[in-house]
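What follows is a set of notes on a single structure, which appears directly below.
Quick note on labels: first sequence line is chain A, next is B, and so on, each numbered from 1.
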Amino acid sequence: MPRILKGFLIDADYETVEGRALIRLFLRGEEGSFVVYDDSFSPYFYALPGDEPERVKERILASGAAEAIQKVEIEEKRLFGTPRVALRITVSHPQDVPRIRERIRRVEGVDLILEHDILFVRRYLIDRGIKPLTWLRLEVEERDGRALLRGVEQLEEEPPELRVAAVDIEVYNPKGAPRSSKDEIIMISVATSDGVEKVLTWREVQGLEQVEVLQDEKEMLLRFAELIKEGDYDVIVGYNTDSFDFPYIRDRLKKLGISLPLGRLDAELEVSRRGALPEARIRGRAHVDLYPIVRRHVKLNSYVLESVVEELLGIKKEKLDGERLFTYWDEGGEKRALLARYALEDARVTLALAEKFLPLYCELSTIVGQSLNDVARMTSGQLVEWLLMRYATPRGELIPNHPAGEEYAARARATYAGGYVREPKRGLVEHIAVFDFRSLYPSIIVSHNIDPSTLIVGNCEENRAPELEYCFSLEREGFIPAILKELIRRRAEIKRELKRSEGDRRRTLSFAEKALKILANSFYGYMGYPRARWYRRECAESVAAFARMYIKQVMRIAEEEFKLEVVYGDTDSLFVVIPPEKRELAQKFLQKVNESMPGIIELEFEGFYRRGLFVTKKRYALLSEDGKMVVKGLEFVRRDWAPIARETQKEVLRILLEEADPEKAARLVRDVIERIRQRRVSLEDITIYTQLTKRIKSYKSLEPHVVAAQKLKERGREVAPGMIIGYIITKGTKGISQRATPVEFARLEDYDPEYYIDNQILPAIQRIFEAIGYTRDYLKEGITQTSLSRWF
DNA sequence: GATAGCCGGGG
DNA sequence: GTGTACGGCTATC
């Protein structure tokens with residue numbers, strides 16, 4: 001008797017039953033999670049015959065490969081748009097593919113093997129058109145105690161709240177770095193979306209209600225798995241859990257001789273390799289490591305959890321000295337309680353980070369059509385590729401192979417010209433209007449139909465890339481432009497719907513919109529990405545060439561037709577001078593430009609700015625109408641600059657932009673220089689922080705922070721890789737490095753004023769002042785030069 | 001300046 | 001598991 005179930009698809013995998021692969025769909029229902037099985041899907045790949053497909057088919061069936069082959073079918077497909085006859089070879093089990101593929105490769109008349117490396121479950125999701133993190137209506141039949149899938153339908157309903165658990169472990173580390181063969185896990189902290197907060201441990205901890213003390217490490221680990229099972233969590237998140245927490249847990253389990261049913265259907269924790277990095281898999285749930293995700297989305301100097309949460313969530317969190325964590329455990333009492341609180345705080349902030357990034361990755365998972373677990377580990381190029389693969393199959397397009405060996409090496413060596421950057425008018429500029437092209441690169445791909453299948457090399461005129469011998473046929477819409485057009489259309493539709501939505505719906509839509517934007521903007525990079533299946537250097541090169549043509553064309557219209565002064569422009573943006581009384585020119589200019597633009601390419605007005613300071617290409621600062629400073633390329637936010645240098649630079653920019661008073665800015669600099677000389681600064685103002693990335697001995701060249709670390713060690717301090725070393729440069733005749741002193745031992749009277757003036761303050765502001773015609777000597781000494789060129 | 005080699009996060 | 005990262009920085013020529 002068939003039954004109808006409704007479930008939200010979380011994860012999928014397969015198990016082998018009687019030699020056949022059985023797909024398992026893990027779903028969240030309205031009342032808890034459940035599993036549906038599908039036995040109707042078999043692995044397959046393609047062989048391309050040179051000609052005479054019938055005869056090649058016979059040879060394949062006569063070859064030694066025949067035993068594992070279920071069937072060979074002749075299909076009409078396309079490869080890069082060109083019709084090709086392909087032999088679809090169906091086998092019994094995914095693991096048959098590598099073996100059978102190698103046999104068939106050697107069969108006479110087989111030119112190429114395709115689609116031979118597409119993981120079974122991913123292939124299943126593509127071919128069945130099933131999208132993760134959507135509601136499915138499933139028709140199932142009970143067989144051997146399993147719900148077997150007989151029919152499936154995608155539903156358009158609002159997603160449920162996912163159940164999320166954030167996890168963090170603390171380990172004993174008497175030797176600094178923990179050794180998983182010896183050092184026990186001492187705490188496991190968990191914070192979940194349904195409000196559970198726990199610190200599991202196996203020694204007494206005072207004064208923290210969330211603590212649960214177990215008998216030993218083994219009992220603690222088992223309790224952890226029980227907690228996950230009880231809460232039936234869909235997503236397990238952590239920070240660097242792929243590389244640290246779960247591999248460590250795996251090692252301890254091996255040591256203790258137990259297994260840990262962390263997954264659904266009591267699946268064990270598995271740690272495998274994904275490229276050079278490990279990947280921890282918890283079947284039936286999504287395991288999302290937020291560390292690589294944060295790295296992908298935010299540019300920071302450091303990705304230690306403390307700086308990430310401070311930057312992204314505004315939460316100030318204390319970092320315990322990782323090297324000495326074991327002492328907190330050994331000492332007990334207040335110290336151990338502090339460690340437990342630290343552990344819980346880590347789980348809490350990890351959960352908060354998940355709330356920030358998971359919605360985006362859920363949308364990406366649905367759009368790309370692969371599981372959250374997989375999508376969380378994909379780069380933007382891989383996201384684009386899996387999206388293309390999902391579209392290719394129903395369109396009859398064969399999926400090209402990844403490049404191998406020399407092919408890849410040759411692609412990686414190839415370079416081509418990128419965007420056009422106009423040399424800025426250096427110095428201060430009043431009344432700036434900024435325009436930019438909306439999604440220029442995606443628009444070019446669509447408008448010029450840029451695709452491997454439409455590329456014509458040499459001897460062509462129509463739709464030719466500027467300065468290049470490449471044209472793109474307009475006869476048939478290319479595969480990539482067609483998909484990109486669809487993404488752009490959906491994004492525009494969502495943007496319209498966003499305007500009339502609110503609450504949860506609005507939140508979902510805004511993340512879907514963001515996901516589509518990320519994907520659309522990745523297509524250009526994808527075509528030039530050497531590992532791409534649909535790589536075509538000529539296409540990426542042409543997109544960049546068209547972009548240069550358009551931005552130059554717009555600059556020409558501004559200068560020649562509107563007599564506007566163009567002060568800067570980079571790739572897809574344009575900065576012109578428009579005084580307040582002539583603001584209506586902006587709209588006229590926009591209209592004129594857009595009349596001349598083909599397809600969906602469109603210039604947009606970005607905003608008016610009161611003033612700008614242009615230093616060099618890619619280095620400038622703007623002051624918006626509401627008084628906000630926008631700084632590009634100039635920020636010395638790096639911690640390896642002394643705070644006094646960063647602050648002086650910021651203040652100089654502020655004075656120049658807000659008051660347009662270079663003399664005042666110069667006075668400020670001379671003031672700071674004077675203060676440094678007279679030692680009217682604090683130690684904190686002049687402390688430079690650099691991370692010690694390896695052991696002192698492994699450094700060949702002695703950089704200042706390494707010398708400072710050496711001095712720390714000489715005076716009995718523990719020093720280990722990962723520490724942030726704070727140091728100041730003291731007076732003396734030796735090199736700078738030798739004069740680096742740990743801030744812990746430094747006194748204000750020791751520092752070298754000339755170092756801070758010449759190597760910190762002046763470099764940070766020199767370029768800015770040079771842009772307005774001030775020399776270094778003038779700033780430093782106040783030397784008046786009659787010939788001094790001024791800033792107008 | 002080019003290129004090879006190393007490193008990240010975690011405790 | 002139908003598989004095997006990546007981009008940025010430093011060292012060194």
A:Glu102 CD to C:dT2 P, in whole Å, measures 15 Å

Considering every strand and a 4.0 Å limit on heavy-atom distances, what is the contact class for A:Tyr248: base, sugar-phosphate, or nothing? nothing

Kindly point out which of B:dG10, C:dT4, C:dT2 is positioned nearest to the side chain of A:Pro98? C:dT2

Minimum-distance nucleotide to A:Arg531 side chain [options: C:dT2, C:dA5, B:dG10]: C:dA5

Could you tell me how far C:dG1 sits from C:dA5 if I compare only their P atoms? Round to whole Å. 13 Å

Look at the side-chain N and O atoms of A:Tyr529 and state whether any lies under 4.0 Å from the OP1 or OP2 oxygen of C:dC6. yes

No-hydrogen, no-angle side-chain donor-acceptor test under 3.5 Å, A:Glu385 and A:His402: yes

What's the CH2-P distance between A:Trp386 and C:dG3, to the nearest Å? 11 Å

Need one value for A:Asp168: base, sugar-phosphate or nothing, where a base atom within 4.0 Å counts as base even if backbone is also close, heavy atoms only. sugar-phosphate

A:Phe41 CZ to C:dT2 P: how many Å, rounded? 12 Å

Rounded to whole Å, how long is the line connecting atom CG of A:Asp117 with atom P of C:dG3? 6 Å

Can you see which heavy atom on A:Ser371 is nearest to which on A:Leu125, and at what distance? N-CD1, 4.4 Å

Distance check needed: B:dC7 P versus A:Tyr291 OH, whole Å only. 13 Å

With a cut-off of less than 4.0 Å, is there a side-chain N or O of A:Arg274 near OP1 or OP2 of C:dG1? no

Has the side chain of A:Arg273 got a donor or acceptor that lies under 3.5 Å from a partner of the other kind on the base of C:dG3? no

Distance in angstrom units between A:Ile118 CD1 and C:dG1 C1', rounded: 14 Å

Apply side-chain hydrogen bond (donor to acceptor under 3.5 Å, both in side chains) to A:Tyr342 and A:Glu318, showing your working. CA-CA 8 Å; A:Tyr342 163 80; A:Glu318 203 201 334; over 6 Å; no

For the pair A:Glu75 (side chain) and A:Ala86 (backbone), establish whether a donor and an acceptor sit closer than 3.5 Å, ignoring hydrogens and angles. no

Mind checking if A:Tyr303 touches a base, just sugar-phosphate, or nothing, with heavy atoms under 4.0 Å? sugar-phosphate

Identify, residue by residue, the members of residues 330-352 of chain A with a heavy atom below 4.0 Å from DNA chain B, and return them in order of residue number, or none. A:Tyr342, A:Asp346

C:dT2 phosphate, OP1 or OP2: any side-chain N/O from A:Tyr14 under 4.0 angstrom? yes

Under 4.0 Å: is that the gap between some side-chain N or O of A:Arg101 and OP1 or OP2 of C:dG3? yes

Between C:dG3 (P) and A:Glu279 (CD): distance, integer Å: 15 Å

Need one value for A:Leu277: base, sugar-phosphate or nothing, where a base atom within 4.0 Å counts as base even if backbone is also close, heavy atoms only. base

Quiz item: cation-pi between A:Arg531 and A:Tyr408, 6.0 Å / 45°: yes

Could you please spell out the steps behind the side-chain hydrogen bond (donor to acceptor under 3.5 Å, both in side chains) verdict for A:Tyr248 and A:Arg252? CA-CA 6 Å; A:Tyr248 203 95; A:Arg252 295 305 299 163; 5.6 Å; no

Under 3.5 Å, is there a donor-acceptor pair between the A:Tyr172 and A:Asp330 side chains? yes

Could you tell me whether A:Asp245 contacts a base, only the sugar-phosphate backbone, or nothing, with contacts defined as non-hydrogen atoms closer than 4.0 Å? nothing

Assign A:Leu320 to base, sugar-phosphate, or nothing according to its heavy-atom contacts below 4.0 angstrom with the strands shown. nothing

Ignoring the backbone of A:Gln95, work out which of C:dT2, B:dG8, C:dA5 is nearest its side chain. C:dT2

Hydrogens and angles aside, do A:Thr393 and A:Arg123 bring a side-chain donor and acceptor to less than 3.5 Å of each other? yes

Electrostatic pair A:Arg413:A:Glu406 at N-O distance under 4.0 angstrom: yes

Rounded to whole Å, please give me the gap between CG in A:Asn240 and C1' in B:dC7. 13 Å

Winner on side-chain proximity to A:Thr379, out of B:dG8, C:dC6, B:dG10, is C:dC6

C:dC6 and B:dG10, which share atom name P, separated by this distance in whole Å: 23 Å

